[in-house]
Amino acid sequence: MLNFTFTPIDMVPIYKQEFDLGWINKQVVASYIDMGIIDANGYERIVGEPYANATTQAQ
(Lines give C-alpha, C1' and ligand atoms only; values in the text may rest on other atoms or scores of the structure.)
Protein backbone atom coordinates (compact mmCIF):
# COMPACT_ATOMS: atom_id res chain seq x y z
CA MET A 1 0.00 0.00 0.00
CA LEU A 2 1.25 3.45 -0.91
CA ASN A 3 1.40 6.10 1.77
CA PHE A 4 1.71 9.67 0.63
CA THR A 5 2.38 12.36 3.16
CA PHE A 6 1.86 16.00 2.39
CA THR A 7 4.44 18.41 3.71
CA PRO A 8 3.28 21.99 3.21
CA ILE A 9 5.87 24.44 1.99
CA ASP A 10 6.11 28.09 2.92
CA MET A 11 4.86 29.96 -0.16
CA VAL A 12 5.23 33.39 1.45
CA PRO A 13 8.67 34.10 -0.09
CA ILE A 14 7.34 33.23 -3.55
CA TYR A 15 4.24 35.41 -3.10
CA LYS A 16 6.47 38.20 -1.75
CA GLN A 17 8.53 38.09 -4.92
CA GLU A 18 5.38 38.11 -7.07
CA PHE A 19 4.05 41.09 -5.11
CA ASP A 20 7.34 42.98 -5.42
CA LEU A 21 7.36 42.37 -9.18
CA GLY A 22 3.80 43.68 -9.47
CA TRP A 23 2.36 40.35 -10.62
CA ILE A 24 -0.15 40.27 -7.74
CA ASN A 25 -1.71 43.04 -5.66
CA LYS A 26 -2.97 43.40 -2.08
CA GLN A 27 -6.43 42.12 -2.96
CA VAL A 28 -4.98 38.91 -4.42
CA VAL A 29 -2.81 38.38 -1.35
CA ALA A 30 -5.85 38.99 0.89
CA SER A 31 -7.77 36.36 -1.09
CA TYR A 32 -5.05 33.84 -0.18
CA ILE A 33 -6.06 34.35 3.46
CA ASP A 34 -9.71 33.65 2.57
CA MET A 35 -8.62 30.45 0.80
CA GLY A 36 -6.51 29.37 3.78
CA ILE A 37 -3.25 29.43 1.83
CA ILE A 38 -1.56 31.99 4.11
CA ASP A 39 -2.40 33.60 7.44
CA ALA A 40 -2.45 37.26 8.51
CA ASN A 41 1.21 37.04 9.48
CA GLY A 42 2.07 35.88 5.95
CA TYR A 43 0.08 38.78 4.52
CA GLU A 44 2.10 41.21 6.62
CA ARG A 45 5.37 39.59 5.52
CA ILE A 46 4.35 39.92 1.86
CA VAL A 47 2.71 43.35 1.78
CA GLY A 48 4.41 45.04 4.72
CA GLU A 49 1.11 46.10 6.34
CA PRO A 50 -1.10 44.36 8.88
CA TYR A 51 -4.02 42.45 7.38
CA ALA A 52 -6.59 44.60 9.25
CA ASN A 53 -5.55 47.59 7.12
CA ALA A 54 -6.11 45.63 3.92
CA THR A 55 -9.73 44.86 4.71
CA THR A 56 -10.60 48.50 5.37
CA GLN A 57 -8.77 49.76 2.29
CA ALA A 58 -10.33 47.19 -0.04
CA GLN A 59 -13.88 48.39 0.70
Side-chain angles (χ1 to χ4, degrees):
M1 177 178 212
L2 295 174
N3 183 9
F4 294 100
T5 57
F6 175 73
T7 305
I9 60 171
D10 184 14
M11 293 293 292
V12 171
I14 294 168
Y15 296 144
K16 171 76 172 138
Q17 183 177 24
E18 291 176 354
F19 181 79
D20 290 344
L21 291 170
W23 295 352
I24 58 176
N25 60 27
K26 291 178 186 179
Q27 287 75 28
V28 173
V29 178
S31 74
Y32 295 161
I33 295 176
D34 297 334
M35 290 185 271
I37 298 172
I38 63 170
D39 58 9
N41 183 37
Y43 179 92
E44 188 169 355
R45 288 172 47 203
I46 295 167
V47 177
E49 300 174 358
Y51 177 64
N53 289 348
T55 56
T56 57
Q57 290 176 359
Q59 296 176 353

Participant: Determine whether W23 and V29 fall in the same hydrophobic cluster, where Ile, Leu, Val, Met, Phe, Trp and Tyr are linked whenever their side-chain heavy atoms lie under 4.5 Å apart.
Facilitator: no
Participant: Compare every heavy atom of P50 with every heavy atom of Y43, then report the nearest pair and how far apart it is.
Facilitator: CE2-O, 3.9 Å
Participant: Do L21 and I14 sit in the same hydrophobic cluster, where Ile, Leu, Val, Met, Phe, Trp and Tyr count as joined when their side-chain heavy atoms come under 4.5 Å apart?
Facilitator: no
Participant: Identify the heavy atoms of F19 and N25 that sit nearest to each other, and give their distance.
Facilitator: CE1-C, 4.0 Å
Participant: Taking all atoms of both residues into account, what is the closest heavy-atom pair of E49 and K26, and its distance?
Facilitator: OE2-NZ, 2.9 Å
Participant: Minimum heavy-atom separation for I38 to G42, with atom names?
Facilitator: CD1-C, 4.2 Å
Participant: Taking the side chain as C-beta and beyond, is there a heavy-atom pair between Y32 and I46 under 4.5 Å?
Facilitator: no
